[in-house]
Q: 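Just passing along the structure, written as structure tokens.
Note that the coordinates shown come from a computational prediction; the quantities given were computed from them, not determined experimentally. Any value given below was found using the heavy atoms of this structure, including those in side chains, with hydrogens, waters and symmetry copies removed.
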Amino acid sequence: MPEYGSLFVCLMGMGTVFFGLICLIVLTTIMGKIVGGHAAPAVSAPAPAAAAPAAPEGNRQEIAAAVSAAIAEELGTGITGIRIVSMKKL
């Protein structure tokens, strides 16, 4: 096995790091263009906002049941030990 000099090892290490950083920059730039990273220009006359339709009560109960089941599963307890006081849409 050949012995490499310390200068060669240092340059190879720095070259590898810079190559990796350049790859990260290129990949994040491409992903930003795919996802649409640039903000849209401001609209001069905004349209009136439509009121969000209220969710039916049955749907809200199903969501609360699903959230309760997920929390109970994560905590390793029964669903009867979970009490949801309020749910707010973020």
Q: If you define the side chain from C-beta out and look only at heavy atoms, does anything of T28 sit under 4.5 Å from M31?
A: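 Contact flag for T28/M31 side chains = no.
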Q: Nearest 0.5 angstrom please: T29 OG1 to L24 CG, how far?
A: 10.5 Å
Q: Given the rule that I, L, V, M, F, W and Y join up when any side-chain heavy atoms are under 4.5 Å apart, are I82 and I63 in one cluster?
A: yes
Q: Supply the atom-to-atom distance I22 CD1 to L27 CG, rounded to the nearest 0.5 angstrom.
A: 12.0 Å
Q: How long is the gap from OH on Y4 to CG on L11, to the nearest 0.5 Å?
A: 14.0 Å
Q: Show your reasoning for whether side chain to side chain contact (heavy atoms under 4.5 Å, CB included) applies to M12 and V9.
A: CA-CA 5 Å; M12 284 298 291; V9 172; 5.8 Å; no
Q: Measuring from atom CD of E74 to atom CD1 of I71, what distance do you get when rounded to the nearest 0.5 angstrom?
A: 9.5 Å
Q: When rounded to the nearest 0.5 angstrom, what distance separates OG in S68 from CE in M87?
A: 8.0 Å
Q: Got a sec: does the CE of M14 have more than 12 other heavy atoms crowding it under 6.0 Å?
A: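 Not more than 12 within 6.0 Å, no.
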Q: Is there a path of hydrophobic side-chain contacts, each under 4.5 Å between heavy atoms of I/L/V/M/F/W/Y residues, joining V26 to I34?
A: yes
Q: Do V67 and L75 belong together in a cluster built from hydrophobic side chains that touch within less than 4.5 Å?
A: yes
